[in-house]
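Heavy atoms only: backbone and side chains are in, while hydrogens, waters and symmetry mates are out. Lettering of chains follows the sequences in order, A, B, ..., and the numbering in each one begins at 1.
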There are 2 protein chains.
Amino acid sequence: MLSQFKWMSMPQKQVKLIDIANKLNVSIGLVSIVLSGKSKERRISDELAAKVIETAKALGYRPNQLARGLRTGKSGIIGLLVADISNPFFGKMARYIENEAAKLEYQVMFGSSDENPEKLENLVNMFASRQVDGMIIVPVFQSESFLLSLQEQSIPFVFIDRYCEGVDEDAVVSDNYLGSYQLTSLLIKKGYGKIAAFANDLHLSNIKDRMHGYTTALKDSGLNYPVEDFIFEVDFDQLDTRLEAMLKQALENGCDAFFFANNKLGISSLKYFDKVGLTIPEDIGIVCFDNPEAFQVAKPGITCVEQPIELMCAKAINILSRKIEGKTESKPERISLPGKLIVRESC
Amino acid sequence: MLSQFKWMSMPQKQVKLIDIANKLNVSIGLVSIVLSGKSKERRISDELAAKVIETAKALGYRPNQLARGLRTGKSGIIGLLVADISNPFFGKMARYIENEAAKLEYQVMFGSSDENPEKLENLVNMFASRQVDGMIIVPVFQSESFLLSLQEQSIPFVFIDRYCEGVDEDAVVSDNYLGSYQLTSLLIKKGYGKIAAFANDLHLSNIKDRMHGYTTALKDSGLNYPVEDFIFEVDFDQLDTRLEAMLKQALENGCDAFFFANNKLGISSLKYFDKVGLTIPEDIGIVCFDNPEAFQVAKPGITCVEQPIELMCAKAINILSRKIEGKTESKPERISLPGKLIVRESC
DNA sequence: ATTATTTGCTCAAACGTTTTACTAGAAAAT
DNA sequence: ATTTTCTAGTAAAACGTTTGAGCAAATAAT
């Protein structure tokens, strides 16, 4: 029985312009003109154009975007460089970028840098090699020099989530200062006196701004303690090993409230507090940047600031597409969009 | 001041093979040979090869993958088609696919189908148009016919998360039957008598298998009630509007326990139960497929089955890469990998 | 000393498009 | 009747690679 070997059937070459051209005895260029929608301006007769379109459809023609891209110099691809696509925050970002890009007929390639400048560099180079029309980049610590060199090359990009100190490029971020100020102020208003702040990497612009909001809120409230004793830095890759020790340390320092600079820190800490039997908000108060689903089902719910991810992505794609089209009329701008304060029961 | 207009500086054309060739007064082909690592087999002298590599580095050469791909017929890209990249389950999948693909020097493009067959078809066509070397596809309801036609074309793909009934292709899924059987059995063992099942789309193979595990566990325990009255189907896009009504209905039907077929249903329902003041596990028992972070911080923690996503992705890439290399020796296989039962306090 | 082989490189076609320049014939203007 | 303009199309170069075929010089074999 042949049917047994059905999975061995095969090839069926891709149909290309020349196949259509041959079938209709016209030139290959004509087919190209018609199929790229230039029939009018190149005054191809309507009947012939119709015939071309028809046979293209009949034959199942699909343009080869590699060839097209090579010829036109546009790949129709946007590169998205996040820290880690499996982090729900970046997952959402990817989705909105995908949506916005699709509106402009772009497709998205992504890469996860893991906050590692070398990985970022490799990925950016790969993307450039693939002739992406532009990139949306979450910059990482110590990537300035490379990103500066990237600026010299003719490929447009915009930062998202964070900006990069030494690199004067467009950036779209949420208002990290404001959100953190609000969260910290809320803790203070609720009567918590010694508030610890936990962050993953104090070098990143978004984290810096969040810490700035935190410290300023403290100062504005007249709370004066050696702030540096209350700011804890713990890398994501040390989360399992170092976080608990630091939380314990903070508690020993007399902290009765916690400000977490992002969802991963908040979630991991929540597990710890549960383990050691601290009750929220009685024993300790908690607030956090980001609004993952976990904060909604946690008991009590966690007060937080939700970032305007969709808006950020729309803005970013908007700016990027203008840059791609060469409308580089204006100086790079840093757009900072306010998030939404969500008050729950954790403080 | 010129520095004011720094952002207006520009172009710096991409350097290509011919630039290197000219600089060294050698042929363009030679440069290509050296840079693609074929110096030995094409016996280029070591010193010249070294010089080529050196100047390539000095000039910052980056191969144009569009041109390369056009010539070689390989793009080095794998397409990943998920239902929604912002769903943490698929986010993790994307990450592991990215990792595994990177090992084989592939890059990943993704697309979200939203469980919509037309979107899926469009995305697949776009990917094919971009000459992806292969695809990893989460098939959706009513995409059989299109996927069958895709089989006819020479582009290899493998299913992940679900298989597609009428389409005989390789698939890597988690053991949905087993996991669901375990979860349901656990509920029964704990003494819950009337167990409702909630699913998003009863047509999908993974959901079918989960329901099968659920019903079989019931039957094996001698529990006999009109199962169809206890299976609720609610689409993701109806989650906000219909879910609550169905949960209420289930409760009115006397259900004292719930089996949720995926994380989104579980999480949303959790919020509802909290709202109406039902306590878990006393009033009702709960189990769920998937292990999102929310289930770890929820109080009580939610008993669930964690899918072996990383392993699934490794397997999928493995199979796909073999297909890409044309080693299509064997009949398509369906690989089903067992997940991990995580018992918490929700039942 | 001739022939055969190896070494180290060059040539040019090809991949599938897009697009500029051109042309043959028809229609319009002189 | 000749020139001009328009119409509807063709031809061919170009995009940046890879690669099979070829070739001259050097080395080895006879």
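- Crowding of B:I18 atom CD1: a count of heavy atoms from other residues, nucleotides or ligands under 6.0 Å not exceeding 12.
- One interatomic measurement links the two molecules: CZ of B:R71 to P of C:dA12, which rounds to 16 Å at whole-angstrom precision.
- In this structure, CZ of A:R62 is placed 18 Å from C1' of C:dC15, rounded to the nearest angstrom.
- Taking the nucleotide of DNA chain D with the nearest heavy atom to each of B:Y61 and A:L30, the more 5' of the two is matched to A:L30.
- Comparing A:L48 and B:K16, the nucleotide of DNA chain D nearest to each residue sits closer to the 5' end for A:L48.
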Candidate pair A:E54 and A:K23, rule salt bridge (charged side-chain N to carboxylate O under 4.0 Å, His left out), full reasoning: CA-CA 12 Å; A:E54 183 189 10; A:K23 191 148 213 164; over 6 Å; no
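- Between the CD1 atom of B:I33 and the P atom of D:dG20 there is a distance of 10 Å, rounded to whole Å.
- In this structure, CG of A:L17 is placed 13 Å from P of D:dT10, rounded to the nearest angstrom.
- If you check every strand for non-hydrogen atoms under 4.0 Å, A:I18 touches nothing.
- Both A:Q14 and A:R42 lie close to DNA chain C; mapped to their nearest nucleotides by heavy-atom distance, the more 5′-ward contact belongs to A:Q14.
- Electrostatic pairing of A:D170 and A:R334 does not count as a salt bridge here, judged by no charged N lying under 4.0 Å from a carboxylate O.
- B:Q131 places its CD atom 18 Å from the P atom of D:dT17, with the value rounded to the nearest Å.
- Among the protein residues, B:L66 comes within range of no part of the nucleic acid, since none of its heavy atoms lies under 4.0 Å from any strand.
- Contact check, B:K38 against D:dT18: no side-chain N or O comes under 4.0 Å of OP1 or OP2.
- At the phosphate of D:dT19, neither OP1 nor OP2 sits under 4.0 Å from any side-chain N or O atom of B:S32.
- Here D:dC15 presents its C1' atom at 11 Å from CD1 of B:I28, a figure rounded to the nearest Å.
- With rounding to whole Å, B:L70 atom CG is found 8 Å from C:dT17 atom C1'.
- A salt bridge does not link A:K51 with A:D46: none of the charged nitrogens is closer than 4.0 Å to a carboxylate oxygen.
- When the side-chain nitrogen and oxygen atoms of B:S45 are compared with OP1 and OP2 of C:dC9, one or more of them lie within a distance under 4.0 Å.
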Derivation and outcome, salt bridge (charged side-chain N to carboxylate O under 4.0 Å, His left out), residues A:E169 and A:K323: CA-CA 11 Å; A:E169 271 291 343; A:K323 282 174 126 168; 2.3 Å; yes
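- Put simply, CD on B:E47 is 9 Å from P on C:dG8, counting in whole angstrom units.
- Scanning atom types as modelled, no donor and acceptor separated by under 3.5 angstrom connect the side chain of A:R68 and the base of C:dG16.
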